[in-house]
Amino acid sequence: MSFPIVTEQNHSKVRHLVRESDQVFQSARALSAKLKDIFERSHPKDYWGVSFQVLEPGHSANIETRFGAARASTTVHVNEDGIYGRYLIEKQKKDDRGELVWVAAWVIRISSEGVVYPGESGGDPVDVRDNFFPGGSDSDTVRLALSLLYSIGAN
């Protein structure tokens, strides 16, 4: 395993770690609340059958679906672009020995500015802040919820 030299440019990526990671966790809490709200609505509850239990302090969750148990957790990372968060969705499965293990099913990225993106890279931003656009719809968050459910079932 090789370890690269850490440069002054790399140092600049972590100089505001506390502020930027707080923004990541704040957006993860908003995302959890939005997903919980969507999954508790009558149509999704009746047709998708997802139980989404937010865990304190709000940036992780336990998820129950017809595809099995899953969970969401938020971690903070750094790369050449700076600080970012990963809202990781993991599905519980049995390994070759029949033991329960957690495997990655999908990820939602959160920028240090608190912007949410579906998947590991690319994707259109999703605003999870309340009342940012008066009269706006939750269609982007609904798509995130459906993508999360599909990813659990596909893994």
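All figures in this text were calculated on a predicted structure; none of them were measured in a lab. All values below come from the heavy atoms of this structure, side chains included, with hydrogens, waters and symmetry mates left out.
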Report task. Please assess Arg86 against Glu120 for the test side chain to side chain contact (heavy atoms under 4.5 Å, CB included), listing each intermediate value before the final yes or no. Result -> CA-CA 8 Å; Arg86 296 180 86 234; Glu120 195 72 64; 2.8 Å; yes
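Residues Leu88 and Phe39 fall into different hydrophobic clusters, defined by Ile, Leu, Val, Met, Phe, Trp and Tyr side chains chained together at heavy-atom separations under 4.5 Å. Using a 4.5 Å cut-off between side-chain heavy atoms of Ile, Leu, Val, Met, Phe, Trp and Tyr, with links allowed through other members, Val107 and Val128 fall into different hydrophobic clusters. Val126 and Val50 end up in the same hydrophobic cluster when Ile, Leu, Val, Met, Phe, Trp and Tyr side chains are linked at under 4.5 Å. Under the 4.5 Å side-chain heavy-atom criterion for Ile, Leu, Val, Met, Phe, Trp and Tyr, Ile63 and Val142 are members of the same hydrophobic cluster.
The two residues Asn155 and Lys93 come nearest to each other via the heavy atoms C-NZ, 3.4 Å. Contact detail for Gly122 and Tyr117: the closest heavy-atom pair is O-CB, 4.0 Å. Closest heavy-atom contact between Pro118 and Asp124: CD-O, 3.2 Å. Scanning both residues, Lys45 and Glu40, for their nearest heavy atoms gives CE-O, 4.1 Å. Here the closest heavy-atom approach between residue Leu31 and residue Val116 is recorded as CD2-CG1, 4.5 Å. Closest heavy-atom contact between Ser21 and Val18: OG-O, 3.2 Å.
Residue pairs meeting the ring-ring contact (aromatic ring centres under 6.0 Å, His included) criterion with at least one partner in residues 62-103, sequence neighbours excluded, are His77-Tyr84. Counting only residues at least two apart or in different chains, ring-ring contact (aromatic ring centres under 6.0 Å, His included) contacts with residues 9-31 comprise Phe25-His59.
With sequence neighbours excluded, the residues satisfying side-chain contact (heavy atoms from CB on, under 4.5 Å) with Arg143 are Ser139, Asp140. Partners of Arg97 by side-chain hydrogen bond (donor to acceptor under 3.5 Å, both in side chains), not counting sequence neighbours, listed by chain and number: Asp95. When the side-chain contact (heavy atoms from CB on, under 4.5 Å) test is applied to Lys13, the partners found at least two apart in sequence or on another chain are Val78. Every residue two or more places apart in sequence or in another chain that forms a side-chain contact (heavy atoms from CB on, under 4.5 Å) with Asn10 is listed here: Val6, Thr7.
In this structure, CD1 on Ile83 lies 10.5 Å from CZ on Arg19, to the nearest 0.5 angstrom. If you take OG on Ser32 and NZ on Lys34, they are separated by 12.5 Å, rounding to the nearest 0.5 Å. With rounding to the nearest 0.5 Å, the separation of CG in Leu146 from CH2 in Trp48 is 4.0 Å. The CG atom of Leu144 sits 5.0 Å away from atom CD1 of Ile108, with the distance rounded to the nearest 0.5 Å. Considering CD1 of Ile110 and OG1 of Thr75, their distance stands at 9.0 Å, rounded to 0.5 Å. Atom CG of residue Leu148 and atom OG1 of residue Thr65 lie 9.0 Å apart, to the nearest 0.5 angstrom.
The shortest distance between side-chain heavy atoms of Asp138 and Arg41 falls below 4.5 Å. At a threshold of 4.5 Å between non-hydrogen side-chain atoms, the residues Val24 and Gln26 do not count as touching.
Side-chain atoms of Ser12 come within 3.5 Å of backbone atoms of Gln9 as a donor-acceptor pair (strictly under, hydrogens ignored). Of the possible polar contacts, none joining the Lys94 side chain to the Leu100 backbone as a donor-acceptor pair under 3.5 Å is found. Between the Ser60 side chain and the Ser73 main chain, no donor and acceptor come within less than 3.5 Å of each other. Judged by distance alone, with hydrogens and angles left aside, the side-chain atoms of Asp37 form no donor-acceptor pair with the main-chain N or O of Ala33 at under 3.5 Å. Checking side-chain atoms of Lys91 against main-chain N and O of Ile152 turns up a donor-acceptor pair under 3.5 Å. Under a 3.5 Å cut-off, the side chain of Arg109 and the backbone N or O of Gly119 do form a donor-acceptor pair.
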